[in-house]
4 protein chains.
Amino acid sequence: MKDQSQKPKYKQIIDAAVITIAENGYHQSQVSKIAKQAGVADGTIYLYFKNKEDLLISLFQEKMGQFVEKLREVIDGKASATEKLYLLIENHFRILSRDPKLAVVTQLELRQTNRELRAKINGILKNYLRLMDQILQEGIEKGEFSQGLDIRLARQMIFGTIDETVTTWVMNDHKYDLVGLAPKVHHMLIHGLGGGDETV
Amino acid sequence: MKDQSQKPKYKQIIDAAVITIAENGYHQSQVSKIAKQAGVADGTIYLYFKNKEDLLISLFQEKMGQFVEKLREVIDGKASATEKLYLLIENHFRILSRDPKLAVVTQLELRQTNRELRAKINGILKNYLRLMDQILQEGIEKGEFSQGLDIRLARQMIFGTIDETVTTWVMNDHKYDLVGLAPKVHHMLIHGLGGGDETV
Amino acid sequence: MKDQSQKPKYKQIIDAAVITIAENGYHQSQVSKIAKQAGVADGTIYLYFKNKEDLLISLFQEKMGQFVEKLREVIDGKASATEKLYLLIENHFRILSRDPKLAVVTQLELRQTNRELRAKINGILKNYLRLMDQILQEGIEKGEFSQGLDIRLARQMIFGTIDETVTTWVMNDHKYDLVGLAPKVHHMLIHGLGGGDETV
Amino acid sequence: MKDQSQKPKYKQIIDAAVITIAENGYHQSQVSKIAKQAGVADGTIYLYFKNKEDLLISLFQEKMGQFVEKLREVIDGKASATEKLYLLIENHFRILSRDPKLAVVTQLELRQTNRELRAKINGILKNYLRLMDQILQEGIEKGEFSQGLDIRLARQMIFGTIDETVTTWVMNDHKYDLVGLAPKVHHMLIHGLGGGDETV
DNA sequence: AATGAATGAGAGTTCATTCAT
DNA sequence: AATGAATGAACTCTCATTCAT
């Protein structure tokens, strides 16, 4: 792991954790294995993280932080909520497409943790969900989205759909183009199964 | 656990597993704890299940089997795909509302298992997903749903939305009425965020 | 096991134990497996034997009893100790050659038992060792064997040699003729490595 | 176990295993008991041995290795095969006499292991048996031993006799002098029961 | 005499974490 | 800051034996 020696140890260890977990699965990613992948001693990990759980939370925080940050950049300044939603979906897909190992870790492996850890992970996710809520709020105000929309439910539909789509893609070994699905997914979320042309 | 003594041991143990896992979490549900809850000796569990994994898979199979069966009964003979979708959502919500412990187990705890076990669980889920595909196919043929619908993606939207809605409800300690959300969720899935009245 | 139904249950179970142990090894011969082989219920074994250890001791007693009895018949009335020794070796080899499963059990499997059980087995062996002592005593008195012979050591040489020869044969999957080795083994025991023609 | 703290852990654990097995018997020598005897934590054993079986094989290898090595040293450079055989017997007896616990372990306890482990132990014994074969070959060539000798059978006589003698000594709680038996055993092996003076 | 479902004690092994160097 | 040897608690599964029928 010579090329990692430039990075600060903190990030070096987190990246090693992503690789180790993606390659071996959560339950087969012992601290000693992560340490070896990072090129440090077992004990060194405890100089940077309080314990294993803290490492995993930090991993999620670090990666999710970048994630939301990147999305905000892309979305900011766009005219419509509809467009913002599209960019959110596409970039969500794009970021995970570019880092399939991270995708494996977030979609499959990190969900194998216990309730307590998952609660903390959900806390971190809050930022992302809030971003969705903002888009939804804006869409409703601008008249793009239905006035009667229940924002919390709508956000659950958006997040649930995106999440399920990515998970299915990961479980199918990334064998098809995820980013290419963005337009269809976006269209479905906006117009529903009915396609927006139904005469109700 | 005197009132369980009527049931066959097999079901008795599965029900004990649901209760134990819901109350203690997956990783704190040792075989001995499940046995005690079931009112049998540890070894007895191994007369009915090959090992702990087999017990968990059987649990999922047993409960999911009832689930899909019940849904089929409710849905069969209904006129429209739209109506069938509504019934699927409402009953999905209803069944888990009536058995909050089962909801905890399926939404949170059983996802903490390793990749291999989850693959087996997904195999069992297939039946349910196929039911959704049938409804979608029918809806497209009858002109209720958009002709251009990608069935696989649409199913991921439906399942992802339902799943996320239930999980959020479970994570909020079942503190609101889940079944009551069915109409709104159904409407969103059919009409999308745009509400079906947008002029695009 | 229909053809066993004539035999008394006691022998039926012992024979089943021999077969089961020979085929599966001592540690893989659970009571339930022996019961199945014998065509009886697990519990039935406890009507005929106090416990598993008792069954094994009885097995050894039964088979070893026949063994010594047969040898006595063959040997009785023979003229010389040398001849008796030969017959003992040859018949020891012959009996185990004819029942290779019994050979596996006595040479390999029954030695895997704990110290206590082996002490009891040795008690049963005593009869056989006493027979050897008698032959040795007779041989010394008749002048066939050396006057200075230490009977106990001599018996250990005879038994050790026979036992090692049979064990090696069993470990080599009975792939050569054991009985045919009797003359050579006998000659070696009588004349030693020197062959009796050395000029000392 | 303070006085063991100088030794490398590897040997420290092996010696603890010998003592524990000799004192408690094979089946009552749990890993935790061996660890306690060695003055280390249970887990430490697994830093030096793959598993319990590996510890036992290593024990035998280590002790048997020293054994054969010591015998080679003693025997090398001796003039006759007869003398070499004597030294082999005497030293075999001497080494086990000096370490009665090791004798208990090799003669009684280690034979209680399953077929697989015993096969591995036999593999290690091969070196010792080969040493015997060499002595026999040399003796035949030098005219000390009978020309017609079957080396394999002769080795089985030697090993069987020595082994049985030691085992009997161990089963009698080492209550007599084993080394003192060497001359008689040697004489018997060379001249046989007949004593070498029989006129055949 | 016979059954066989139920019992429950018992042990090898893993791995997150520590701490002397 | 970094190391890595040592720790020791914790859990699944087997199987001889029992006893109600």
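A, B, ... follow the sequence lines: proteins, then strands. Residue 1 opens every chain.
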* Could you give me the CA-CA distance, side-chain angles and deciding distance for A/Glu23 and A/Gln28, then say whether side-chain contact (heavy atoms from CB on, under 4.5 Å) is met? => CA-CA 9 Å; A/Glu23 288 181 354; A/Gln28 277 309 301; over 6 Å; no
* Asked: Given pairs defined as Watson-Crick or G-U wobble with both distances under 3.5 Å, what dot-bracket annotation applies to DNA chain F, with ( ) intrastrand, [ ] crossing, | other strand and . unpaired?
  -> .||||||||||||||||||||
Using distance only, find each side-chain donor-acceptor pair of residues 40-47 of chain D under 3.5 Å and give its atom names and separation, not counting sequence neighbours.
{"unit_1": "D/Thr44", "atom_1": "OG1", "unit_2": "D/Ala41", "atom_2": "O", "d": "3.4"}

Which heavy-atom pair separates [X] from [Y] by the least distance, and what is that distance?
X	Y	result
D/Tyr48	D/Ile13	CD1-CD1, 4.0 Å
D/Arg118	D/Leu110	CG-O, 4.2 Å
D/Ala103	D/Val170	CB-CG2, 3.9 Å
A/Tyr26	A/Glu109	N-OE1, 2.8 Å

* To do: Extract, from 5' to 3' on DNA chain F, the first and final nucleotides lying under 4.0 angstrom from some heavy atom of chain C.
  =>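 On DNA chain F, the outermost contacted nucleotides are F/dC15 to F/dT18.
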* Asked: In whole angstroms, how far is the P atom of E/dC15 from the NZ atom of A/Lys36?
  -> 13 Å
* Please give, in whole Å, the distance from E/dC15 C1' to A/Ile34 CD1? -> 12 Å
* **Listed partners of B/Lys126 passing salt bridge (charged side-chain N to carboxylate O under 4.0 Å, His left out), at least two apart** => none
* What residues form a salt bridge (charged side-chain N to carboxylate O under 4.0 Å, His left out) with D/Arg111, not counting sequence neighbours? ->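 Scan of D/Arg111 (salt bridge (charged side-chain N to carboxylate O under 4.0 Å, His left out), adjacent residues dropped) gives D/Asp163.
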* **Within residues 47-56 of chain B, residues whose heavy atoms come under 4.0 Å of DNA chain F** => B/Asn51, B/Lys52
* Just by distance, do the side chain of A/Lys33 and the backbone of A/Thr20 share a donor-acceptor pair under 3.5 Å? -> no
* In terms of the nearest nucleotide of DNA chain F, which residue is placed more toward the 5' end: C/Gly43 or B/Ser32? ->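 Per heavy-atom nearest nucleotide, the more 5' residue is B/Ser32.
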* Of D/His27 and C/Asp42, whose nearest nucleotide on DNA chain E comes first from the 5' end? -> C/Asp42
* Considering heavy-atom distances to DNA chain E, does C/Val40 or A/Ser29 have its closest nucleotide positioned more toward the 5' end? ->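 Its nearest nucleotide being more 5', the pick is C/Val40.
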* When all nucleic acid strands are considered with a 4.0 Å heavy-atom cut-off, which category describes D/Val31: base, sugar-phosphate, or nothing? -> base
* Rounded to the nearest 0.5 Å, what separation is found between the CG atom of B/Asn24 and the OG atom of B/Ser29? -> 5.0 Å
* Apply the test side-chain contact (heavy atoms from CB on, under 4.5 Å) to residues A/Leu56 and A/Ile121: give CA-CA distance (whole Å), side-chain angles for both, the deciding distance (0.1 Å), then the verdict. => CA-CA 9 Å; A/Leu56 295 174; A/Ile121 287 178; over 6 Å; no
